[in-house]
Amino acid sequence: MNADRIRVAAVGDLHCAKAMTAGALASVFGQVAERADVLALCGDLTDTGTPEEAKFLVRELAVVKVPVVAVLGNHDYESEKAPEVKQILADAGVAVLDGDSVELRGVGFAGVKGFAGGFGERALQAWGEPILKQFVREAVEEALKLEGALARLRTPHRIALMHYSPVRATVTDEPSEIAAFLGSSRLEDPLNRYPVTAAFHGHAHRGSPEGRTSSGVPVYNVALPLLRRRFPNDPPFRVIEVQVERTNGGPPSAPPPVHAGAGIGATIP
């Protein structure tokens, strides 16, 4: 039995805009290939969700010589052209997940955009006006999509990608008035139900970099503004390592715990 260490780099909230110049994201993407084997993008890839912004991102991603997996964020829906944005990325080789899953380098990735609604006992409930029930239904449906994507994976390691946060811990430094709009604990339930190695999300630009679900799954906030502010001397993406055993198959085993490393790295032995 042999084992490979697969490094996964993650970042979100790139907010590619028309005003950006070529090479604007070089500080983000320039070091990915030498530090990671897979790049995960956690939504808000564009600023207003236009095809032009998506094409700019594709050009910036040309320096990334590793597989790329992504989910969309709320900004990517702003211009109501999310299907075009997704297609442009897919045509460039990016695996864009929306209730889907994919295996890259022996690691399984499940992804959804997610949605808002708040956390724990203070989460918004489906009661009252129809518009509030519709709001809650959107959060529930995103959680169900994540559960389905995780269930389809048979890899020993499952990594969940979202834009919205599944836990309160990674949005604690945000103004309390907006915390409920930054994520939903409904997204936490699938992470606790399946053996998930780690979860990444963005959206909370002024949140906290790390948290855990109630079952101990590590959750990383990889919003680019947060990483740049909290780790100014490190490359602006989060890296974890997972050990992938090369065997002849067999059922997936529960992943071992994450051990935080120095800077913005973490190792999963």
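When reading the values below, keep in mind they use all heavy atoms of this one structure, side chains included, and skip hydrogens, waters and symmetry mates.
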Q) Does the side chain of R35 reach to within under 4.5 Å of the side chain of P235, using non-hydrogen atoms? A) yes

Name every donor-acceptor pair, under 3.5 Å, that has one atom in a side chain of residues 86-100 and the other anywhere in the protein, sequence neighbours excluded.
from, atom 1, to, atom 2, distance (Å)
Q87, NE2, D91, OD1, 2.7
D98, OD1, K145, NZ, 2.6
D100, OD2, D98, N, 3.0

Q: Would you mind reporting whether D47 and H75 have side-chain heavy atoms less than 4.5 Å apart?
A: yes

Q. Quick check: does any side chain N or O of E188 sit under 3.5 Å from a backbone N or O of V167, one acting as donor and the other as acceptor?
A. no

Q) Does some side-chain heavy atom of R228 sit less than 4.5 Å from a side-chain heavy atom of V28? A) yes

**Q.** Minimum-distance pair of heavy atoms, taken over all atoms of A198 and V217
**A.** CA-CG1, 4.3 Å

Q. What distance do E147 atom CD and R152 atom CZ have between them, rounded to the nearest 0.5 Å?
A. 10.5 Å

**Q.** Shortest non-hydrogen separation from R229 to R206 and the atoms involved
**A.** NH2-CA, 3.2 Å

Q | Same apolar cluster (I L V M F W Y, side chains within < 4.5 Å links), L182/L187 | A | no

**Q.** Residues E210 and R238 bridged, charged N to O under 4.0 Å
**A.** yes

(Q) Looking at K65 and A62, would you say the former's side chain and the latter's main chain have a donor-acceptor pair under 3.5 Å? (A) yes

Q | I159 side chain near V8 side chain, heavy-atom distance below 4.5 Å | A | yes

**Q.** Cluster link V85 to M20, ILVMFWY, side chain under 4.5 Å
**A.** no

Q | Separation of H203 NE2 from C42 SG (nearest 0.5 Å) | A | 13.0 Å

Q: May I ask you to decide if T48's main-chain N or O and E53's side chain share a donor-acceptor pair within less than 3.5 Å?
A: yes

Q) Say you draw a straight line from CZ of R212 to OG1 of T170; how long is it, rounded to the nearest 0.5 Å? A) 13.0 Å

Q) Quick one: are N192 and S214 in side-chain contact, heavy atoms under 4.5 Å? A) yes

Q: State whether the side chain of D76 and the backbone N or O of L45 hold a donor-acceptor pair below 3.5 Å, judged by distance alone.
A: yes

Q: Could you state whether V102 and L41 fall into the same hydrophobic cluster, counting links through intermediate Ile, Leu, Val, Met, Phe, Trp or Tyr residues with side-chain heavy atoms under 4.5 angstrom apart?
A: yes

Q) What's the shortest heavy-atom distance between S208 and D173, and which atoms? A) OG-OD2, 3.2 Å

Q. So which of T155, I6, D37 actually passes side chain to side chain contact (heavy atoms under 4.5 Å, CB included) with V244?
A. I6

**Q.** Non-hydrogen side-chain atoms of P225 and D13 separated by less than 4.5 Å
**A.** yes

Q) Is there a chain of hydrophobic side chains (I, L, V, M, F, W, Y, each step under 4.5 Å between heavy atoms) that links L61 to V63? A) yes

Q. Step by step, would you call Y194 with L153 a side-chain contact (heavy atoms from CB on, under 4.5 Å)?
A. CA-CA 10 Å; Y194 292 89; L153 289 171; over 6 Å; no

**Q.** Straight-line distance of R154 CZ to S101 OG, nearest 0.5 Å
**A.** 9.5 Å

Q. Between D44 (side chain) and N74 (backbone), is there a donor-acceptor pair under 3.5 Å?
A. yes

Q: Look at the side-chain heavy atoms of Ile, Leu, Val, Met, Phe, Trp and Tyr, link any pair under 4.5 Å apart, and say whether V219 and L226 land in one connected group.
A: no

Q. Just how far is it from atom CD of E52 to atom CD of E84, taken to the nearest 0.5 Å?
A. 8.5 Å

Q: Quick one: closest heavy-atom pair of F109 and V38, and the distance?
A: CZ-CG1, 3.8 Å

Q. Is it the case that more than 12 heavy atoms not belonging to E34 sit under 6.0 Å from its CD atom?
A. yes

Q) Under the side-chain contact (heavy atoms from CB on, under 4.5 Å) criterion, do Y164 and H201 qualify, and how do the steps go? A) CA-CA 6 Å; Y164 288 82; H201 74 86; over 6 Å; no

Q) Is it true that the side chains of T50 and S79 contain a donor and an acceptor less than 3.5 Å apart? A) no

Q) Do N221 and S165 have side-chain N/O donor and acceptor atoms under 3.5 Å apart? A) no

**Q.** Heavy-atom closest contact (R230 atom, G207 atom, distance)
**A.** NH1-O, 4.0 Å

Q. Is a side-chain N or O of R186 found less than 3.5 angstrom from the main chain of G183, in a donor-acceptor match?
A. no

Q: Could you walk me through whether L191 and M162 pass side-chain contact (heavy atoms from CB on, under 4.5 Å), step by step?
A: CA-CA 11 Å; L191 304 181; M162 293 158 279; 4.1 Å; yes

Q.
Restricting to ring pair (Phe, Tyr, Trp, His ring centres under 6.0 Å), what partner residues turn up for H205, sequence neighbours left out?
A. H15

**Q.** For I240 against Y220, the heavy-atom pair lying closest together
**A.** CG2-CE1, 3.9 Å

Q: Apply side-chain contact (heavy atoms from CB on, under 4.5 Å) to K18 and F56, showing your working.
A: CA-CA 8 Å; K18 290 191 298 183; F56 176 87; over 6 Å; no

List the atom pairs, with distances to 0.1 Å, where a side-chain N or O of residues 115-138 and a protein N or O form a donor-acceptor pair under 3.5 Å, not counting sequence neighbours.
from, atom 1, to, atom 2, distance (Å)
Q125, NE2, A123, O, 3.0

